[in-house]
Amino acid sequence: MVTDGNTILAESLKKQGVEYVFGIVGIPVIETALAFQVAGLKYIGMRNEQAACYAAQAIGYLTGKPGVCLAVSGPGLLHCIGGMANAQVNCWPLVVIAGSCPEDHEGIGGFQEWPQVDSSRMYCKYAGRPPSPKLIPLHVERAVRLAAAGRPGVSYLDVPGTLLLGEVDEDKVPELYSAEPVKLAHPDPALVSQAADLLAKAERPLIIVGKGSAYAHAESAVTKLVEKTKIPFLPTPMGKGVVPDESQYCVSTARTQALLKADVILLLGARLNWMLHFGQAPRYAPDVKVIQVDISPEEFHNSIKSEVAVHSDIKPFVEALTHKLDEKKFSLEVAGNKWWQALQLKQKANIEFVEAQANDKTVPLNYYAVFKTVQANIPRDSVIVSEGANTMDIGRGLLLNNLPRHRLDAGTFGTMGVGPGFAVAAAMWCRDHAPGKRVVCVEGDSAFGFSGMEIETMFRYKLPVIIIIVNNNGIYSGFDKETMDDLQSSGDPTQCTPPTSLSSEVRYEKMMEMFGESGHFCRTVEEIELAIKKAVATTDRPSIINVAISPQANRKPQTFNWLTESKL
Ligand code: ADP
Ligand code: MG
């Protein structure tokens, strides 16, 4: 029996445990997608390769098994590059496969010819082109394994049209193994003891829970550590939910203070990059001691020297540490403990400020009032996808996650446009692995614009994503209609239109009318409540809730600038 490259590729992916492929077809990968479906892979056709790439990496983060992004040659692959960089920077597993022009057209101006392997290399852990159909299984095994091994990241496979259509006798294709998952890396016991000693002696200990802990499925181990030791913890944005946000030991509402005053920090699967202010003064005490736990030793001592650097998977380390601290009978007393008292004082003041804002229902609404209403009306176990500047930052504090891997956002790379792709992936994951669970995609109006056409994908696959657009007419903030009209009529629009502005009160919810349905436009808290109730009751298609807020709405004043000033 004769088989071909497409079939071998499809069967190899299936054999390596891949479940989902997100992509856009065209020459030369139409037959490829069909072969994927025949092999039993789930194929989801999207509207832009970038969004398909975001969806595939979100599946990788949610399941631990890389999703595949399938694209056409040249521009198709190049549209994926932003997505590949995002996955690589977030440390999420992803396999990108792109068709490329027939090998005998290479160098003479082939259709959509481009040096695709070279172009991908910077954004990948591994990039290659199987030299013959027979060798496809070997390259697929390698691509899938490398994407997930160690610190997860991206693999790229280049598949020329000639390779995909190349025929070969079935019995000449070597039967390929599928390797067992890598066993968890355990910590050096001496380092566990050092970490335990340091924490036990600390006056103001703090645990930071990063998205590495979420990816590592360390939720029960980390929750147990926090509950036994009563050490305050701070989740990073996507570390939210590893320990429930509603835990009494979560000090997100005193974040600045906790970072500033801690004397020993246990860093569990988070990098001391811009998101954590590099671990440096003025955001931290200059003599803070860090216990850094990471699967990737290249990460150690990156912006400050760690006191203890443990090369380990989060879960076995945390279990060993909890055991050690148990032996020492270590536990903070919350009542009467000075560190806890200082944090609680700060928490109280911050919560009061936010509550006052959130209870202010003046129209046009402010961000806090919108998020309080959203939080009160969505199912509590929803996956929350969030992007936008203020929308994401302010929403992070008010939209709670009590379950791990239930928040997907612009991430370490700060990429806008990820939301709809992430939401498609999350909704597919819910459909197959957590039926009934909902995906709530909270978007700034600017962020939504990058990938809004994926609403059609959500309709085609009947994904009941609840899209909430927090619409302030602009990037960061915009202008009301009157001000915009005045500004624009004062001269040439290219000179007078503020670069941060978007059109006023765009009726994004009317995109629903393209599908014969209607969306929700809201100005008041009551309208938002009603719209969410209707959206939650809609289970066979997406909903759009477009909330017009005050274009001047802003974040509460912060003690420090968002990004600390450069030292150069
Ligand atoms: P956050 O955005 O939450 O701060 P980062 O993406 O900066 O998180 O950091 C996550 C870290 O977690 C990365 O340095 C990565 O190497 C590490 N990591 C990923 N998976 C594991 C794991 N299973 N065990 C330990 N560390 C992990
Ligand atoms: Mg906006």
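Numbering of ligands and ligand atoms starts at 1, following listing order.
No hydrogens or angles considered: nothing links the side chains of Asp294 and Ser296 as a donor-acceptor pair under 3.5 Å.
Within the 3.5 Å criterion, the main-chain N or O of Ile528 finds no donor-acceptor partner in the side chain of Asn377.
The pair Arg405-Glu219 counts as a salt bridge, with a side-chain nitrogen and a carboxylate oxygen less than 4.0 angstrom apart. Note on Arg407 versus Asp409: salt bridge recorded, some NZ/NE/NH1/NH2 to OD/OE distance being below 4.0 Å.
In this structure, Lys224 places its NZ atom where only 12 or fewer heavy-atom neighbours from other residues, nucleotides or ligands lie under 6.0 Å away.
For residue Leu502, no N/O/S atom approaches the Mg ion (ligand 2) to within less than 2.8 Å. Under 2.8 Å from the Mg ion (ligand 2) lies no N/O/S atom of Asn471, from backbone or side chain alike.
Among Pro297, Gly212, Ala270, the residue whose heavy atom sits closest to atom 19 (C) of ligand 1 is Gly212. Among Asp294, Asp313, Val318, Leu276, the residue whose heavy atom sits closest to atom 16 (O) of ligand 1 is Asp294.
Close approach of ligand 1 to Gly269 (heavy-atom distance below 4.0 Å) involves ligand atoms 8 (O), 9 (O), 10 (C), 11 (C), 12 (O). The distance from ligand 1 to the heavy atoms of Ala216 drops below 4.0 Å at these ligand atoms: 22 (C), 23 (N). Every atom of ligand 1 with a heavy atom of Arg271 under 4.0 Å away is listed here by number and element: 4 (O), 5 (P), 6 (O), 7 (O), 9 (O), 14 (O). Numbered from 1 in the order shown, with element, the atoms of ligand 1 that lie under 4.0 Å from a heavy atom of Ser296 read 16 (O). Residue-ligand proximity, Thr412 to ligand 1, at heavy-atom distances under 4.0 Å covers atoms 2 (O), 6 (O). Within ligand 1, counting atoms from 1 as listed, the ones closer than 4.0 Å to a heavy atom of Ile314 are 24 (N), 25 (C), 26 (N). The ligand atoms of ligand 1 that sit less than 4.0 angstrom from a heavy atom of Tyr215 are 20 (N). Under a 4.0 Å criterion applied to the non-hydrogen atoms of Gly210, ligand 1 contributes the atoms 3 (O).
Heavy atoms of Ser312 found under 4.0 angstrom from ligand 1 belong exclusively to the backbone. Counting heavy atoms closer than 4.0 Å to ligand 1, residue Arg151 contributes side-chain atoms (C-beta onward) but none from N, CA, C or O.
The nearest heavy-atom contact from the protein to atom 26 (N) of ligand 1 is Ile295 N, 3.1 Å. What sits closest to atom 1 (P) of ligand 1 on the protein, heavy atoms only, is Thr236 OG1, 3.6 Å. The nearest protein atom to atom 2 (O) of ligand 1, hydrogens excluded, is given as Lys211 NZ, 2.7 Å; this is a heavy-atom distance.
With rounding to the nearest 0.5 Å, the separation of CZ in Arg271 from NZ in Lys211 is 5.5 Å. The structure places CZ of Phe22 at 4.5 Å from CD1 of Ile59, a figure rounded to the nearest 0.5 Å. Separating the CG atom in Leu199 from the NZ atom in Lys289 is a distance of 12.0 Å, to the nearest 0.5 Å.
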Show your reasoning for whether side chain to side chain contact (heavy atoms under 4.5 Å, CB included) applies to Ile291 and Ser306. CA-CA 6 Å; Ile291 304 162; Ser306 289; over 6 Å; no
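The shortest heavy-atom contact between Asp245 and Cys250 is O-CB, 3.6 Å.
Within Asp445, the N/O/S atom positioned nearest the Mg ion (ligand 2) carries the name OD1.
When ring centroids are compared, Phe413 and Trp92 stay outside the 6.0 Å threshold. The aromatic ring centres of Tyr126 and Tyr156 sit 6.0 Å or more apart.
Within the 4.0 Å heavy-atom cutoff, Gly411 does not count among the residues contacting ligand 1.
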